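A quick write-up on the structure given underneath.
As the structure is a computational prediction, the values presented were derived from the model and not from experiment. Each chain gets a letter, A, B and so on, in the order the sequences are listed, and its residues count up from 1.
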Amino acid sequence: DAKTTQPNSMESNEEEPVHLPCNHSTISGTDYIHWYRQLPSQGPEYVIHGLTSNVNNRMASLAIAEDRKSSTLILHRATLRDAAVYYCIRIQTGANNLFFGTGTRLTVIP
Amino acid sequence: NAGVTQTPKFQVLKTGQSMTLQCAQDMNHNSMYWYRQDPGMGLRLIYYSASEGTTDKGEVPNGYNVSRLNKREFSLRLESAAPSQTSVYFCASSSVGNQPQHFGDGTRLSIL
């Protein structure tokens, strides 16, 4: 099963950090973890991805547990433009399809 | 910097009509994908093309056909539209299968 588990919704105050959790307890050793977000009425947007080590880019940080059974997307300072549905996706080696699930709807409170 | 371009953006069809959704990418990507998204749901893969000249079924392929016309273009065809195919359709591309995917803005399709 290539699916992941995320909370349905989370809230954050503007300008505060946000930690979005994801569980992928059946992950295989060579599976990547990708995060996408989808703003209202738009297509999904790639955020970040990783395999084993923590990753940082201009949008966010990805913290992957040592046993790789869970990960956390970190938005360091939430803005109103970060309000979106965030999808955590596990990609099996050699696979071409993403299982999106229903994601976490993030609400940012001004 | 167009990225992934989908046409049309909106379309209304009657049951039984046929239609082709167009998708083009300008990033020289090998892999292309078609997804559908129903209200309140995540995206589900319809078909994908890992490379030019190949296509494979995804999670929900019934009622659809695809053509990878060349490296840039990947079209999705509904031969006989049904109300259950009312959805938002997204096209995406990636350099290879497990690399980040880039999405178009979607085609909103209603079938009456």
For chain B, which of A/H34, A/Q42, A/E45 has the most heavy-atom pairs under 4.5 Å?
-> A/H34
Relative to each other, are the rings of A/Y36 and B/F103 parallel, tilted or perpendicular (30° and 60° limits)?
-> perpendicular
Check whether B/R44 gets within reach of chain A through its side chain, its backbone, both or neither, counting any heavy atom under 4.5 Å.
-> neither
What do the steps show when you test A/D82 against A/R77 for salt bridge (charged side-chain N to carboxylate O under 4.0 Å, His left out), and what is the final call?
-> CA-CA 9 Å; A/D82 291 324; A/R77 189 168 166 269; over 6 Å; no
NZ/NE/NH1/NH2 to OD/OE distance under 4.0 Å, B/K71 and B/E52 = no
Segment of B/Q99 engaging chain A (4.5 angstrom heavy-atom cut-off) = both
Check step by step if side chain to side chain contact (heavy atoms under 4.5 Å, CB included) holds for A/V18 and A/L20.
-> CA-CA 6 Å; A/V18 182; A/L20 298 165; 4.0 Å; yes
